[in-house]
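Below: the structure, in structure tokens.
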2 protein chains.
Amino acid sequence: MTTRNVEDYLEVIWDLQDEKGYIKAKDIAYKLEVTRPSVSEMIRKLSENGYIVYEKYGGIIFTGKGKKLAQEIKKRHTLLVEFLKIIGVDEQNAQQDACKLEHDISPKTINCLLEFVEFINLLPESFKWRENFKKYLEERGLLHKERKK
Amino acid sequence: MTTRNVEDYLEVIWDLQDEKGYIKAKDIAYKLEVTRPSVSEMIRKLSENGYIVYEKYGGIIFTGKGKKLAQEIKKRHTLLVEFLKIIGVDEQNAQQDACKLEHDISPKTINCLLEFVEFINLLPESFKWRENFKKYLEERGLLHKERKK
DNA sequence: TACTTTTATTAGGTATTCCTAACTATCTAA
DNA sequence: TTAGATAGTTAGGAATACCTAATAAAAGTA
């Protein structure tokens, strides 16, 4: 089974490949806030389970299986961030929450979320969804302030 | 720290109290799909950490701390289910997903979700949000079918 | 090229959470 | 009231994922 952790490591490795063009255990450790021995261990595990090809002190490359999973997680992540931003979560919190939620969301729900986001994005300007929502939030904000007085 | 597991157990214990009026290790085990020894162990732990009061072979009661946490998780769960249903996830899947997502969602995001759900529920009938969304989904359904041909 | 710094691995240990098997307490019904 | 069924606990162990300390390889520099 692909644990939450396998997914986290694959995602970070994917990002590093994307950002830097190469992958160092040191950078994985930094991004995941774990120690290098923990990374060594997981790299061995990922290699054993056929997600990556790896030789000691060498480079990491994805297998087909690893690439597929990494991309899928990335897709879930991106979708979650997009959705969270729509409902008013700021970029940073959206990123953080997406990192956790992406492991536990079922394919069915991902699909509903995708359709929802697409629907929202397709709404005609006259609908002014975002504006209405913002206005609603502002009104609530005012209400809260008044209550406190 | 309150782990994901502590939260799961507290939530199930809360539900049992609610549904049956009493709590049996057997029922907890059944609901969480674990064995009774696992439940015994966690009950000891919850007791040690002051979430419940418990004596061997006796009953379980929440402490203030335990009750507060259980209620909070329950609230997150209910909100998530409501939201998931809005975007078209069926009851059963919504329940399942909520059980997992409820552990990883930040307070800020919970708040945004709450405001979003409230906003949707307050929309005037003329907006017909749900109807428009349903229609959109149906149209997409048709498109998918046609593509497959 | 040899020395130093950086990077990665191994060894040994901890914590969490789960399991099976064996045992003990409690309840129930004859 | 006592024997069998049911429920709960303990003992011992496995898997996952993390850690620190020590070691080994690779890279960079004088």
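The chains referred to below are lettered A, B, ... by the order of the sequence lines, with proteins before strands, and numbering in each begins at 1.
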Please assess B:F83 against A:F83 for the test ring pair (Phe, Tyr, Trp, His ring centres under 6.0 Å), listing each intermediate value before the final yes or no.
CA-CA 12 Å; B:F83 162 72; A:F83 161 72; 5.1 Å; yes
Walking along DNA chain D from 5' to 3', note the first and the last nucleotide with an atom under 4.0 Å from a heavy atom of chain B, and give both.
D:dA7 to D:dT10
Nearest non-hydrogen partners of [X] and [Y], listed with the distance:
X     : Y     : answer
A:Y9  : A:S38 : OH-O, 3.8 Å
B:H77 : B:C99 : CE1-SG, 3.6 Å
B:T63 : B:G50 : OG1-O, 2.7 Å

Given 3.5 Å as the limit, does a donor-acceptor pair link the side chain of B:S47 with the main chain of B:I43, or not?
no
Sub-3.5 Å donor-acceptor pair from the side chain of A:S106 to the main-chain atoms of B:D97, do we have one?
no
Summarise protein proximity over nucleotides 11-16 of chain C in one line of letters, 5' to 3': B for base, S for sugar-phosphate only, - for none, counting protein heavy atoms closer than 4.0 Å.
------
In Å, rounded to the nearest 0.5 Å, how long is the span from NZ of A:K45 to CE of A:M42?
5.0 Å
Once you round to the nearest 0.5 Å, how far does CD of A:Q95 lie from CG of A:D90?
10.5 Å
Quick one: side chain to side chain contact (heavy atoms under 4.5 Å, CB included) partners of A:I61, sequence neighbours excluded?
A:V53
Spacing of A:I43 atom CD1 relative to C:dT7 atom P, expressed in whole Å
14 Å
Atom OH of A:Y22 to atom C1' of C:dT6: distance rounded to whole Å?
13 Å
Report yes if at least one side-chain N or O of B:S38 is closer than 4.0 Å to OP1 or OP2 of C:dC18; otherwise report no.
no
What's in the same ILVMFWY side-chain cluster as B:Y22, cut-off under 4.5 Å, chained through other members?
none
Taking atom NZ of A:K65 as the centre, does the number of heavy atoms from other residues, nucleotides or ligands within less than 6.0 Å exceed 12?
yes
Pick the nucleotide of DNA chain D nearest each of B:R44 and B:R36; which residue has the one closer to the 5' end?
B:R36
Any carboxylate oxygen within less than 4.0 angstrom of a Lys/Arg side-chain nitrogen, looking at B:E48 and B:R44?
yes
Please list residues of residues 10-17 of chain B whose heavy atoms come under 4.0 Å from any atom in DNA chain C, ordered by number; otherwise none.
none
Enumerate all atom pairs, one protein N or O and one N or O from nucleotides 23-27 of chain C, separated by less than 3.5 Å.
none

Given B:R76, which of B:E102, B:E82, B:E7 fulfils the salt bridge (Lys or Arg N to Asp or Glu O under 4.0 Å) condition?
B:E7
